[in-house]
Every structure is written in C-alpha cells, then in structure tokens.
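Read through the structure below, which is laid out as structure tokens, and then see the notes.
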Amino acid sequence: LEKYVGFWKHSKPHGHGEHVILFHDGAAIDNPFQTVNQYVGDFAGGLRHGKGIQVYANGAVFEGRWAHNDKSGEGVLSQPDGRILKAQFKNDVLQRTEQPEP
C-alpha cells in the first residue's frame, strides 16, 4: 500500500511531498501493515531529487541529498543500533562514512 501527499506536476510527484509505503508482515490482525518506509522531501518528475529524509522499515534513517531517486553526496545515516555516521553516497552506493564531530 502506498500513499503520496504533496505537489504534483504532469501527474507525477514534483516539489515537496511525503511518500509512504506500508508493508504487510502478517503479524498483527488489527493492524496488518506494520512496517513502513517513509520519504519526506523534494521530488522531481516522480523521483526523489533534492533534499530529503528517508526512514526505512528497519529503523535506519538517511537525511541528505538525492539525485534521480538515488542517495547522492553527503548525508547523515542513523543506524537502528543508535550509531550516527556522516555518509558519502554516489549513485546510491555508500562511498565512505565517518563519525560526526560532537
């Protein structure tokens, strides 16, 4: 199940918006959609493009830049175990990480 709330252009998400994907894990009867991926940020032509925050179903969070639906450039990656890393991505591939300065 997917939901998008935000601006549209030519029938595609464009500008600032929120895209949520709910996954059915079958564990709960009262709320079968337990796992969620959520992106809040900029879109262009229906793709994540610009600044945005992606929350993954496993609890990881990426806040940074996107280009044509791929993580691109610098951002902050928060891991489910509590680690926070400065991350560098190119074409959605992690290039390097480092601990942020306090």
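- His19 meets the ring-ring contact (aromatic ring centres under 6.0 Å, His included) test with no other residue; sequence neighbours excluded.
- By the side chain to side chain contact (heavy atoms under 4.5 Å, CB included) test, Gln38 is found to be paired with Glu18, Val20, Val36, Val40, Val55, residues two or more places apart in sequence or in another chain being considered.
- Apart from Phe43 itself, the hydrophobic cluster it occupies contains Tyr4, Trp8, Tyr39, Tyr56, Phe62, Trp66, Leu77, Phe89, Leu94, where clustering links Ile, Leu, Val, Met, Phe, Trp and Tyr at side-chain heavy-atom distances under 4.5 Å.
- Using a 4.5 Å cut-off on side-chain heavy atoms (C-beta onward), Asn37 and Gln54 make contact.
- Ser78 pairs by the side chain to side chain contact (heavy atoms under 4.5 Å, CB included) definition with Val61, Val76, Ile84, not counting sequence neighbours.
- In this structure the side chain of Gln99 never reaches within 4.5 angstrom of the side chain of Lys86, judged on heavy atoms.
- Rounding to the nearest 0.5 angstrom, the gap separating the CD atom in Gln95 from the CD atom in Gln88 is 7.0 Å.
- For Ala60 against Gln79, the heavy-atom pair with the smallest separation is CB-OE1, 4.4 Å.
- Listed by chain and number, the residues in a salt bridge (Lys or Arg N to Asp or Glu O under 4.0 Å) with Asp70 amount to none (sequence neighbours excluded).
- Not counting sequence neighbours, the partners of Lys51 by the side chain to side chain contact (heavy atoms under 4.5 Å, CB included) test are Asp42, Arg65.
- A distance of 12.0 Å separates CZ of Arg48 from OG of Ser72, quoted to the nearest 0.5 Å.
- Remark: side-chain polar atoms of Asp81 are paired, donor with acceptor, to backbone N or O of Arg83 under 3.5 angstrom.
- Note that NZ of Lys12 is 7.5 Å distant from CG of Leu47, once rounded to the nearest 0.5 Å.
- If you take CD on Glu74 and CD on Glu98, they are separated by 7.5 Å, rounding to the nearest 0.5 Å.
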